[in-house]
Protein chains: 2
Amino acid sequence: MAQAPGPGKQVQIAHIATQHYLQNKTRIEIANETGLSRFKVGRLLDEAVSSGIVKIHIASPSGVRLDLSVQLRERFGLEHAVVVDVPSDADEVIQAKLGSTAGDLLRELLTDEDVLGLTSGRTLNAMARSLNELPKCGVVQLAGVAGPIQETGLEIMRRVSAIAGVRPWTIYSPLVVSDAQAAVGIRRQPDTRQTFEQFSKVTVAVGSVGSWKPENSQMVKNRALDPADREKLLERGVVAEFGATLVTDTGSVIHDIDDRCIAISEAQWRAIPTVIAVAGGPTKTRAIRAVLASGILKGLVTDAATAERLLGG
Amino acid sequence: MAQAPGPGKQVQIAHIATQHYLQNKTRIEIANETGLSRFKVGRLLDEAVSSGIVKIHIASPSGVRLDLSVQLRERFGLEHAVVVDVPSDADEVIQAKLGSTAGDLLRELLTDEDVLGLTSGRTLNAMARSLNELPKCGVVQLAGVAGPIQETGLEIMRRVSAIAGVRPWTIYSPLVVSDAQAAVGIRRQPDTRQTFEQFSKVTVAVGSVGSWKPENSQMVKNRALDPADREKLLERGVVAEFGATLVTDTGSVIHDIDDRCIAISEAQWRAIPTVIAVAGGPTKTRAIRAVLASGILKGLVTDAATAERLLGG
DNA sequence: GCATGCTTTGCTCATATGAGCACTACTAAT
DNA sequence: ATTAGTAGTGCTCATATGAGCAAAGCATGC
């Protein structure tokens, strides 16, 4: 009888379990109604669980994989880990879902007093598009825009700041320029300089992760980064970029081209209380693992398959 | 936020709910570990349930439909109601499943001191075949055997008593005979009389239900019951038989042919502390409802579809 | 500016609950 | 029979928990 109570007892257990778990009656109430002692009721309830009659499921009604989220949080010491179930593994679908989830997370985290920092990227673009409500927090662009489609980077800023109802601090510049001199010149521009001065005030930052191995990031494709540069950085072990911060598998940061980047620095990243990465998909797994290893992140929004790969390896 | 907490909160709730429900930590332990107050933990756990993150399922691992069992028990005031899920609605499959379930129930209910009473019927035959263990309780046949295949009725007694390891009290006679005189003669036989004397000692009885509308019972097909008798009884409203006790839709008992039946009487049925019917299938629904209405039963073992029909109408 | 509700928080105190124990009722072996 | 062994039961007492409350934040109105 250890494994399976008889059918009569099963029904009795079910009755008690229903009263207790579904109708929130106390063991004592049930005991009075059934004529059993409260101890007996308690033991039957224990048996209800141990015999498998009562099953407790913990799952989000809205596609958040809570089990993986919790595991991810504990494994990588994150404060905010959100793993969503994405039925498809098409990049666009993943990005849309991650974006909207990150948007929900932001709406939850941000208050009027916060200052939000953003980088660019397709996932963040999806996030910006899904947002429809935000507190009146400051909005700061943390990096120049990489790749040919600079509009999207600015579109993120425009949309997010419009929803927050504030003027954004923007950076009208590429992420990487050809030489340090040019970078100095750009950083001297009043607009840019003012935005850079906001970095220290940022309380919540959201960034996407770019992958260098495989090469699937806007930065690698940047014209200012010629094949020789790229080759050298790959040899140095760079596998990921977060903003313009380049990271190796072990999580150490490569500063070789810092002087040519128009973006928040590693130290400034680390000074922000809450830094959240939004990224997913098979090609980005290695890069995400690297950025996690760097210790910059306090949060991660990713898809279930990626979370499993991160936890599995 | 009433309906859906943000993803960050969902993860927090999931973490707490996991700790509490799956790892049996107290709210106070969780509060200490997370730095929240125990009140906060309690409120988050409430939210876990109300927001649908925690779902509690009550279902039997062994095919017993506990929800229906409990409903049936309360609706018809039964002590033992067991509803089993039967995938097929073929009579044979239903009977086999009901039989084995009734057997489990018997093994659970019976002790050495009990005296088990049995009628015949295909479902009880299935029960007898599925039994493989019983206490050494007395075994009493409660009714003569109807229909052409008298062997099965005796086979039930043979098998059950063999498993219990005792000598059974049997009735070597048809259920209905052609006239009262013949019945008196049969009842006078020492064997039969001794068995009848056991009826008052029976503590647990199991019987099957025969349907008269539609006509699907061994008794209706009995040779001793000629078409005229049958017609008269149907006109009197008989829709079911339990042993040789004939019942109408309203649950009242028709005694017209009592003097021609070799079986336990209505009054004797009612004197047995625990009377359980085992029956199911679409054709028997009306009959089962009638026998339930008679108030003779303390228990019922049936299939899910029948239970739903009983509860629905 | 200051009232005004409304939510959130942690408190007190009565109540519910669990751990461990002693007691009974069987079982099974000597 | 006697004896130990093994559930099963209900107890005591320390602990966990819930209901209801008061204080603190917080938005919103005038």
Side-chain angles (χ1 to χ4, degrees), chain A residues 1-6 8-13 15-51 53-54 56 107-114 133-137 163-166 203, chain B residues 1-6 8-10 12-13 15-51 54 56 107-115 133-137 163-166 203-204:
Chain A
M1 202 185 287
Q3 184 73 340
K9 191 165 189 180
Q10 281 188 34
V11 173
Q12 183 189 32
I13 289 178
H15 175 237
I16 290 175
T18 306
Q19 298 286 308
H20 181 69
Y21 286 110
L22 269 30
Q23 311 198 24
N24 294 315
K25 295 196 181 175
T26 68
R27 289 149 163 72
I28 292 179
E29 279 181 281
I30 298 170
N32 290 337
E33 287 166 16
T34 56
L36 301 166
S37 77
R38 71 181 181 84
F39 304 98
K40 180 78 183 168
V41 172
R43 284 176 185 128
L44 285 173
L45 284 172
D46 289 348
E47 195 173 349
V49 174
S50 67
S51 70
I53 289 180
V54 164
I56 299 180
R107 207 173 54 215
E108 185 189 353
L109 289 179
L110 290 176
T111 68
D112 287 4
E113 281 73 41
D114 278 309
E133 189 198 346
L134 269 187
K136 287 197 210 329
C137 60
I163 288 163
V166 298
T203 55
Chain B
M1 201 186 285
Q3 184 73 339
K9 192 165 189 180
Q10 281 188 33
Q12 184 190 32
I13 288 177
H15 175 236
I16 289 175
T18 306
Q19 298 286 308
H20 181 69
Y21 285 109
L22 269 30
Q23 312 200 21
N24 295 315
K25 295 196 182 175
T26 69
R27 288 149 165 72
I28 293 179
E29 279 180 282
I30 298 170
N32 291 337
E33 287 166 15
T34 56
L36 301 166
S37 77
R38 73 180 180 86
F39 304 97
K40 182 78 186 169
V41 173
R43 284 174 185 131
L44 285 173
L45 284 172
D46 288 347
E47 195 172 348
V49 175
S50 67
S51 69
V54 164
I56 299 180
R107 208 174 51 215
E108 186 189 354
L109 289 179
L110 290 176
T111 68
D112 287 3
E113 280 73 41
D114 278 309
V115 177
E133 190 196 346
L134 268 189
K136 287 198 209 324
C137 59
I163 289 163
V166 297
T203 56
V204 177

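Bear in mind that the values here come from a model prediction, so they are computed numbers and not experimental data.
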| So, for A:Thr111 and A:Cys137, which heavy atoms are closest and what is the spacing to 0.1 Å? | O-CB, 3.6 Å
| field | Verdict with supporting geometry, B:Ile16 and B:Leu36, side-chain contact (heavy atoms from CB on, under 4.5 Å) | value | CA-CA 11 Å; B:Ile16 289 175; B:Leu36 301 166; 3.8 Å; yes
| task | Show the numbers, then the answer: is there a side-chain contact (heavy atoms from CB on, under 4.5 Å) between A:Ile30 and A:His15? | result | CA-CA 10 Å; A:Ile30 298 170; A:His15 175 237; 5.9 Å; no
| request: Would you mind building the protein contact string for nucleotides 13-28 of chain D? One character per nucleotide, 5' to 3', B for base within reach (heavy atoms under 4.0 Å), S for sugar-phosphate only, - for untouched. | output: B--SBBBB--------
| field | Residue pair A:Gln19, A:Glu33: steps toward the side-chain contact (heavy atoms from CB on, under 4.5 Å) verdict | value | CA-CA 10 Å; A:Gln19 298 286 308; A:Glu33 287 166 16; 3.6 Å; yes
| task | Please test B:Leu110 against B:Lys136 for side-chain contact (heavy atoms from CB on, under 4.5 Å), starting from the C-alpha separation and ending with a verdict. | result | CA-CA 9 Å; B:Leu110 290 176; B:Lys136 287 198 209 324; over 6 Å; no
| task | Answer yes or no: does a side-chain N or O of A:Ser37 lie under 4.0 Å from OP1 or OP2 of D:dT9? | result | no
| query | Are OP1 or OP2 of D:dG8 and a side-chain N or O of A:Lys40 less than 4.0 angstrom apart? | reply | no
| said: Rounded to whole Å, how long is the line connecting atom CG of A:Leu36 with atom C1' of D:dC11? | reply: 17 Å
